[in-house]
Amino acid sequence: MANKEIPYKIYLEESEMPRQWYNVRADMKNKPAPLLNPATLQPMTFEELRPVFCDELVKQELNDTDAYIDIPEEIRKFYKMYRPSPLVRAYCLEEKLQTPAKIYYKFEGNNTSGSHKLNSAIAQAYYAKQQGLKGVTTETGAGQWGTALSMACSYFGLDCQVYMVKVSYEQKPFRREVMRTYGAKVTPSPSEFTEVGRKILMEHPGTSGSLGCAISEAVEAATKQEGYRYVLGSVLSQVLLHQTIIGLETKTALDKYDIVPDIIIGCAGGGSNLGGLISPFVGEVLRGEKDYKFIAVEPASCPSLTRGKYVYDFCDTGKVCPLAKMYTLGSGFIPSANHAGGLRYHGMSSILSQLYDDGYIEARSVEQTAVFEAAEQFARVEGILPAPESSHAIRVAIDEAMKCKETGEEKTIVFGLTGTGYFDMVAYEKFHNGEMKDYIPTDADLQAGFDGIPRFPGNNI
């Protein structure tokens with residue numbers, strides 16, 4: 001089909017949907033380092049993880065050998081409500097930019113939760129239901145994950161308790177109300193309702209919160225309620241596994257038209273959407289079959305890949321979670337209250353951290369005014385109002401397309417449009433009013449976070 005005209009939207013048939021998730025760890029020669037028990041500094045076992053996570057999810061978290069894991073039929077049926085999602089050729093953007101580059105984006109915002117997060121939320125809720133649990137607890141940054149999980153829990157009749165980063169709770173009241181519509185209890189974090197929340201508030205009075213804070217509270221809430229488990233919307237290997245449905249669909253759609261991407265771009269906070277998009281393509285590189293350029297795009301205000309340290313660190317601010325080896329700014333780092341709430345995490349997925357350290361992925365940090373300029377440019381020509389998080393990928397996709405304009409190269413660029421920004425209008429308002437500020441942490445700011453990274457033999461700070 002190489003000579004056939006490529007449609008604006010490439011849709012797959014339901015029969016072409018993936019039946020298995022792809023586990024990139026199986027093809028990685030350098031496996032991600034294991035989670036460590038902070039008390040013993042030994043790899044976490046199944047028995048140690050099961051009080052926090054659902055049993056089947058623990059198995060997936062610890063599985064670095066099986067390349068493919070079956071998607072249960074009930075999850076596949078739910079996926080069909082909004083999947084397969086379209087791969088869009090950005091003809092209008094290409095024309096506006098006057099670039100020879102060919103630009104595609106995988107659009108994950110065509111469901112009520114507004115983002116890719118539902119791909120993992122429904123899987124995690126399914127396994128919780130299968131285990132006979134009463135409910136789950138979680139954190140959410142911008143609110144996409146909390147929204148997705150509230151939908152998934154409603155579908156399976158599970159209780160859902162969400163600790164929402166305080167700055168986002170205040171900036172995005174409508175996102176909060178969608179969660180409540182689906183039956184979730186939403187608490188601004190840090191809060192007075194948990195021991196760790198009270199401790200954080202004592203140490204950082206008036207803090208706007210962070211994902212690390214919210215994770216700590218959600219984990220405490222899960223472990224203190226019988227019949228509850230904690231679920232996470234990013235970072236963990238199990239979450240990246242579920243999100244590979246994005247990359248698998250993208251690859252199938254490209255293959256239908258013999259399209260081979262040169263550059264694949266995704267925004268990066270904890271790593272779920274980027275990992276999900278690129279994993280099947282990374283697998284080809286790891287197996288020596290293809291070669292692609294992968295770019296992770298993060299906020300300059302929370303630059304874990306570009307300025308962080310690759311060490312073992314706590315996954316949460318309250319230090320109640322296991323230690324993960326990742327690029328981190330320190331679990332105590334609380335980023336400025338920027339508008340890309342879903343990217344305000346101090347660390348990065350262990351899978352992506354290992355791939356980045358091994359040189360398979362590039363990373364760039366961008367400032368939020370430049371991000372919103374790209375978001376507005378995209379919205380005006382492509383007809384979708386993008387989420388601030390997604391717009392980080394748009395910014396770099398446009399930058400790469402403009403390089404092609406200078407060189408005359410006809411590169412094929414694919415990026416992940418992870419969600420819509422219709423609940424982010426406070427951010428767009430501040431941008432339009434000229435009130436949006438860029439913030440880049442100083443070395444001293446980062447050092448304060450680094451100082452809290454645990455010191456032990458072999459953890460080279």
Side-chain angles (χ1 to χ4, degrees), residues 87-109 114-116 142 144 171 261-269 273-274 277-278 293-303 305-306 335-336 338-344 362-407 411-440:
L87 179 68
V88 185
R89 173 73 182 269
Y91 283 115
C92 297
L93 181 61
E94 291 172 15
E95 184 177 351
K96 186 72 173 180
L97 298 176
Q98 289 292 290
T99 177
K102 300 174 179 64
I103 306 172
Y104 295 83
Y105 57 91
K106 181 67 164 170
F107 181 45
E108 290 291 310
S115 81
H116 70 292
Q144 287 96 333
Q171 287 177 351
D262 297 293
I263 307 170
I264 305 175
I265 303 167
C267 61
N273 91 86
L274 175 66
L277 174 64
I278 70 174
K293 180 178 182 178
F294 304 106
I295 305 176
V297 191
E298 60 186 9
S301 60
C302 195
L305 284 174
T306 52
S336 67
N338 69 19
H339 294 283
L343 304 185
R344 297 174 73 251
E362 297 180 19
R364 296 185 196 169
S365 65
V366 289
E367 298 173 20
Q368 67 175 349
T369 51
V371 165
F372 275 84
E373 287 168 4
E376 185 176 82
Q377 187 176 10
F378 181 86
R380 290 181 178 182
V381 295
E382 285 293 321
I384 296 171
L385 187 74
E389 293 81 7
S390 312
S391 302
H392 286 67
I394 295 173
R395 172 72 276 161
V396 171
I398 289 175
D399 292 345
E400 290 297 314
M402 295 308 288
K403 288 180 185 177
C404 290
K405 184 176 181 178
E406 294 173 8
T407 64
K411 289 186 177 179
T412 298
I413 300 168
V414 175
F415 71 89
L417 183 55
T418 55
T420 55
Y422 299 106
F423 290 115
D424 298 289
M425 299 319 297
V426 169
Y428 277 94
E429 179 186 33
K430 288 188 180 301
F431 173 69
H432 293 142
N433 290 346
E435 298 168 358
M436 182 173 285
K437 306 296 183 188
D438 287 323
Y439 174 74
I440 299 176

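Just so we're clear, the structure is a prediction, and the values are computed from it rather than from any experiment. Heavy-atom basis, side chains included; hydrogens, waters and symmetry copies ignored.
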Undergrad: What's the shortest heavy-atom distance between Thr420 and Gly109, and which atoms?
TA: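 Heavy atoms only, the tightest pair is CG2-O, 4.0 Å.
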Undergrad: Would you please name every residue forming a side chain to side chain donor-acceptor pair (under 3.5 Å) with Tyr439, sequence neighbours left out?
TA: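 Side chain to side chain donor-acceptor pair (under 3.5 Å) list for Tyr439, sorted by chain: Asp445.
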Undergrad: Among Ile265, Ile263, Ile413, whose side-chain contact (heavy atoms from CB on, under 4.5 Å) with Val396 holds?
TA: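 Option passing the side-chain contact (heavy atoms from CB on, under 4.5 Å) with Val396: Ile265.
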Undergrad: Between Glu95 and Val381, does the side chain to side chain contact (heavy atoms under 4.5 Å, CB included) criterion hold? Intermediate values first, please.
TA: CA-CA 9 Å; Glu95 184 177 351; Val381 295; over 6 Å; no
Undergrad: With sequence neighbours left out, write down each residue that passes side chain to side chain donor-acceptor pair (under 3.5 Å) with Gln377, or none if nothing qualifies.
TA: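 Side chain to side chain donor-acceptor pair (under 3.5 Å) check on Gln377 returns nothing, list empty.
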Undergrad: Identify whether the distance between the nearest side-chain nitrogen and carboxylate oxygen of Lys403 and Glu406 falls below 4.0 Å.
TA: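 Salt bridge: no.
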Undergrad: Check the surroundings of atom NZ in Lys96: do more than 12 heavy atoms from other residues, nucleotides or ligands lie under 6.0 Å from it?
TA: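 No, the 6.0 Å shell around NZ holds no more than 12 heavy atoms from other groups.
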Undergrad: Taking the side chain as C-beta and beyond, is there a heavy-atom pair between Asp262 and Thr412 under 4.5 Å?
TA: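 When only atoms from C-beta onward are counted, Thr412 and Asp262 do touch, with a gap below 4.5 Å.
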Undergrad: Verify, without hydrogens or angle tests, whether Glu382 (side chain) and Leu93 (backbone) share a donor-acceptor contact under 3.5 angstrom.
TA: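 Such a contact is found between Glu382 side chain and Leu93 backbone.
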Undergrad: Not counting sequence neighbours, which residues clear ring pair (Phe, Tyr, Trp, His ring centres under 6.0 Å) with Phe415? List them please.
TA: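 Scan of Phe415 (ring pair (Phe, Tyr, Trp, His ring centres under 6.0 Å), adjacent residues dropped) gives Tyr105.
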Undergrad: When rounded to the nearest 0.5 angstrom, what distance separates OG1 in Thr99 from CD in Glu400?
TA: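 If I round to the nearest 0.5 Å, the distance is 10.0 Å.
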Undergrad: Are any of the side-chain heavy atoms of Asn273 and Glu108 separated by less than 4.5 Å?
TA: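 No, their side chains stay 4.5 Å or more apart.
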Undergrad: Taking all non-hydrogen atoms of both residues into account, name the closest pair between Ile440 and Ala300 and its distance.
TA: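 In terms of heavy atoms, the two residues are closest at CG1-CB, 4.0 Å.
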Undergrad: Of all the heavy-atom pairs spanning Pro388 and Val371, show the shortest one and how long it is.
TA: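 Between these two residues, the closest heavy atoms are O-CG1, 3.7 Å.
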Undergrad: Tell me whether Gln368 contacts the main-chain N or O of Lys437 through its side chain, where contact means a donor paired with an acceptor under 3.5 Å.
TA: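 Checked: pair present.
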Undergrad: Over all heavy atoms of both residues, which pair between Cys404 and Pro100 is shortest? Give the atoms and the distance, please.
TA: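 Minimum heavy-atom contact is O-CG, 3.4 Å.
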Undergrad: Listed by chain and number, what are the ring pair (Phe, Tyr, Trp, His ring centres under 6.0 Å) partners of Tyr104, not counting sequence neighbours?
TA: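 Per chain and number, Tyr104 pairs via ring pair (Phe, Tyr, Trp, His ring centres under 6.0 Å) with no residue.
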Undergrad: Tell me every residue that passes salt bridge (charged side-chain N to carboxylate O under 4.0 Å, His left out) with Arg89, counting only those two or more places apart in sequence or in another chain.
TA: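 Expected list: Glu94.
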Undergrad: Starting at NE2 of His392, measure out to CZ of Arg364 and round the result to the nearest 0.5 Å.
TA: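 Reported to 0.5 Å precision, the distance equals 14.0 Å.
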Undergrad: Under the side chain to side chain donor-acceptor pair (under 3.5 Å) test, which residues partner Lys102, sequence neighbours left out?
TA: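 Partners of Lys102 under the side chain to side chain donor-acceptor pair (under 3.5 Å) test: Glu410.
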Undergrad: Using only atom types and a distance under 3.5 Å, with no angle test, would you say the side chain of Asp438 pairs donor to acceptor with the backbone of Thr369?
TA: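 Checked: pair present.
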Undergrad: Considering only heavy atoms from C-beta outward, does the side chain of Leu97 approach that of Met402 to under 4.5 Å?
TA: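 Leu97 reaches Met402 side chain to side chain.
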Undergrad: Does any donor atom in the side chain of Thr306 or Glu298 lie under 3.5 Å from an acceptor atom in the other side chain?
TA: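 Their side chains do contain a donor-acceptor pair, which is all the 3.5 Å distance test asks for.
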Undergrad: Sequence neighbours excluded, which residues qualify as side-chain contact (heavy atoms from CB on, under 4.5 Å) partners of Ala375?
TA: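 Ala375 satisfies side-chain contact (heavy atoms from CB on, under 4.5 Å) with Pro386, Ser391, Tyr428 once adjacent residues are dropped.
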Undergrad: If you take all heavy atoms of Ala427 and Met436, which pair is closest and at what distance?
TA: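 Closest approach of Ala427 to Met436: O-CE, 3.4 Å.
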Undergrad: Mind checking ring pair (Phe, Tyr, Trp, His ring centres under 6.0 Å) for Phe107 and listing every partner two or more places apart, or none if nothing turns up?
TA: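 Residues passing ring pair (Phe, Tyr, Trp, His ring centres under 6.0 Å) with Phe107: none at all.
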Undergrad: List the residues meeting side-chain contact (heavy atoms from CB on, under 4.5 Å) with Thr407, not counting sequence neighbours, and say none if there are none.
TA: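 So Thr407 forms a side-chain contact (heavy atoms from CB on, under 4.5 Å) with Glu409.
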Undergrad: Under the rule for salt bridge (charged side-chain N to carboxylate O under 4.0 Å, His left out), what residues qualify as partners of Asp399, not counting sequence neighbours?
TA: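 For Asp399, the residues satisfying salt bridge (charged side-chain N to carboxylate O under 4.0 Å, His left out) (neighbours in sequence not counted) are Arg395.
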Undergrad: Answer yes or no: is there a donor N or O on one side and an acceptor on the other, between the side chain of Ser390 and the main chain of Leu417, under 3.5 Å?
TA: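 Not confirmed, Ser390 side chain does not pair with Leu417 backbone.
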Undergrad: Restricting to side chain to side chain donor-acceptor pair (under 3.5 Å), what partner residues turn up for Lys405, sequence neighbours left out?
TA: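 Listed in chain order: nothing, the list is empty.
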Undergrad: Return each pair, listed once, that meets salt bridge (charged side-chain N to carboxylate O under 4.0 Å, His left out) where at least one residue sits in residues 367-378; pairs must be two or more places apart or across chains.
TA: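 Qualifying pairs: Glu376-Arg380.
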Undergrad: How many angstroms lie between atom CG of Asp424 and atom CD of Glu389, to the nearest 0.5 angstrom?
TA: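 If we round to the nearest 0.5 Å, Asp424:CG and Glu389:CD are 6.0 Å apart.
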Undergrad: Identify the two heavy atoms, one from Ile103 and one from Ala401, that lie closest to each other, and give their separation to 0.1 Å.
TA: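 Result for this residue pair: CD1-CB, 3.8 Å.
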